[in-house]
Amino acid sequence: MQYSKDGLLRAYRRMATIRQFEERLHEEIAKGEIPGFTHLYAGQEAAAVGVCEHLDSDDMIVSTHRGHGHCIAKGCDVDGMMKEIYGSREGLCKGRGGSMHIADTSIGMLGANGIVGAGAPQAVGAAIAAKAAGKGKVAIAFSGDGACNQGTTFEAMNMAAVIKVPAIFVFENNHYSEHTGDAYAVGTALDIASRAEAFGMRAWRANGCDFYSTFEAMAELLDYVRSTNLPAAIELDTERFYGHFEGDPQRYRAKGEVARLREERDALKSFRASAVTKTYLSTDELDALDAAVGEEIDRAVEAARKAERPDPSHVLEDVYASY
Ligand SMILES: Cc1ncc(C[n+]2csc(CCOP(=O)(O)OP(=O)(O)O)c2C)c(N)n1
Ligand SMILES: [Mg+2]
C-alpha cells in the first residue's frame, strides 16, 4: 500500500495525541482534579486511528465508555474534550457529558456512552440514514470483547445483515471485559470476527496494536462496504495499558503483564520503528510532533482548569426542546 508522508505524520500525531491525552489525564485524576469516572484508551491508539484515518466528517462513528481515543481519531477538538472531562460549561457538550458522553455530531462523532452493547444498534440506525443519503457513507460501531457478548450487539448485526446497510462493527479485543478475560467470557473456540460471519457478513482480522495492519485491513473492508452498502466487521487484537477504570487495582493481571505489553505491543513504538526504517519519516520529525502534542495538552489542561464551571441556574438548559 502507498502511504503519503502527510498521511503518516497525521496518523502519528493523532496516536501521540491520544497517548499523551490519556497519560496526562492519568496524572490529573490521581490529583483529584477530575470529576466522574474515567476509562483510559492508551494502548489501543492504532485501532482508533487505523479506522478513522479513512473517514471524513460525513462518515459516522459510535463510541463506547472508553471513548477518548475514538473522539480524537475522528477529529474532536482536544481543548473542548479536556474541558468536557473537567465538567466545564465550555466543554464540547457543555460539561453535561463528561468523559463517558463526549459527542460532536458536526464531524460524525455520534457519541460515547456508558451502556455496554449500546453502540451497535445506534450504528445500524445511522447506517440506515447513510444508505438513504446515497453518498457512499458508512456508520461504525466500536465495541469491546465484553460488548460482543451482549444481545443488543447480536440483534444489531443480524438486522444490519437482513436490511443490508453499511454498518461496520469494529470489535476492539483488548482481552478484558472489566476484570474478566476473553478466554473465559467469550464462549466459543472461534474468534469474535467469526461470530459476525455467522450473522451473514464478511469479517476481517487485524493487529490493533499496529497502525499499518489496522489501516490496511480497513482499506479493504471500506472498499467493500462503500461499494456494496452491505455490513462488515473487523476484530482488532489490542491491549489496554491502564486499568479498566482509573483507580482499578488490576489484581487480575499477571505479574509484569503490563510492562511486557508496553514493551512488546506499543503502537507508537512500533510505528516509530517502522516509520524510520521503512518509510520516509525521520526520528526528528516524530520527536517534533511529540513535543508539539505535549504543548497542546499542557494548554488544554491549563484552559480546562480555568474554564467556567456549571451553575445550578443552568440545569434545565437543553432539557426541553423549544419549537
Ligand atoms: C449493559 C451494561 N452492563 C454492564 C456494564 C458494566 N461495564 C462497564 S464497562 C464493562 C466491560 C466492557 O468490556 P469491553 O466491552 O471489552 O470494553 P473495554 O472496557 O475492554 O473497553 C462492563 C461490564 C455496563 N456499563 N453496561
Ligand atoms: Mg475489552
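In listed order, ligands and their atoms are each counted from 1. In this text, all values refer to a predicted model and were calculated from it rather than measured experimentally.
- The six-membered or imidazole ring of Y252 lies near that of Y176, with a centre-to-centre distance under 6.0 Å.
- One finds the CG atom of L110 at 6.0 Å from the CE atom of M60 (value rounded to the nearest 0.5 Å).
- The aromatic rings of F37 and F245 lie parallel to each other, with less than 30° between the two planes, well short of the 60° mark.
- At under 3.5 Å, a nitrogen or oxygen of N174, whether backbone or side chain, sits near a nitrogen or oxygen of ligand 1.
- At a heavy-atom cutoff of 4.0 Å, ligand 1 is contacted by the side chain of H244 but not by its backbone.
- Proximity to Q150 (heavy-atom distance under 4.0 Å) selects the following atoms of ligand 1: 1 (C).
- Note on N174: counted as a metal contact of the Mg ion (ligand 2), an N/O/S atom lying under 2.8 Å.
- The shortest N or O to N or O distance between H39 and ligand 1 is not below 3.5 Å.
- Atom 15 (O) of ligand 1 has A147 N, 2.9 Å as its closest protein atom, hydrogens excluded (heavy atom only).
- With hydrogens left out, the protein atom closest to atom 25 (N) of ligand 1 is G114 O, 2.7 Å, a heavy atom.
- Atom 24 (C) of ligand 1 has its closest protein heavy atom at V116 CG2, 3.6 Å.
- Here's the thing with Q44: none of its N/O atoms is less than 3.5 angstrom from an N/O atom of ligand 1.
- In summary, R14 and E53 engage in a salt bridge, as defined by a charged side-chain N under 4.0 Å from a carboxylate O.
- The side chain of H65, and not its backbone, has at least one atom closer than 4.0 Å to an atom of ligand 1 (non-hydrogen atoms only; side chain from C-beta on).
- Nearest-heavy-atom check against atom 12 (C) of ligand 1 across S177, G144, A118 picks out S177.
- For atom 21 (O) of ligand 1, the nearest non-hydrogen atom of the protein is R66 NE, 2.8 Å.
- Of the protein's non-hydrogen atoms, G146 N, 3.4 Å is the one closest to atom 14 (P) of ligand 1.
- Here the two rings, on Y242 and Y41, have centers that are 6.0 Å apart or farther.
- No hydrogens or angles considered: nothing links the side chains of S99 and H39 as a donor-acceptor pair under 3.5 Å.
- Defined by atom type and a distance below 3.5 Å, a donor-acceptor pair is missing between the side-chain atoms of D6 and S4.
- Here the rule is side-chain contact (heavy atoms from CB on, under 4.5 Å) with E172, and of D145, T214, T238 only T238 fits it.
- Note on D145: its N/O/S atom closest to the Mg ion (ligand 2) is OD1.
- Distances between N or O atoms of I115 and those of ligand 1 include no value under 3.5 Å.
- Checking E172 against the Mg ion (ligand 2), every N/O/S atom stays at or beyond the 2.8 Å cut-off.
- For the 3.5 Å distance criterion, the side chains of H54 and D59 fail to qualify, holding no donor opposite an acceptor.
- Looking at atom 22 (C) of ligand 1, its nearest protein heavy atom turns out to be E178 OE2, 3.4 Å.
- Not one N/O/S atom of N173, from backbone or side chain, sits under 2.8 Å from the Mg ion (ligand 2).
- Ring geometry for Y3 versus F211: interplanar angle of 30 to 60°, hence tilted.
- Residue T64 places every heavy atom at 4.0 Å or more from ligand 1.
- H244 and H65 have tilted rings, their planes meeting at an angle from 30° to 60° on a 0 to 90° scale.
- Around the NZ atom of K255, the shell of radius 6.0 Å holds no more than 12 heavy atoms that belong to other residues, nucleotides or ligands.
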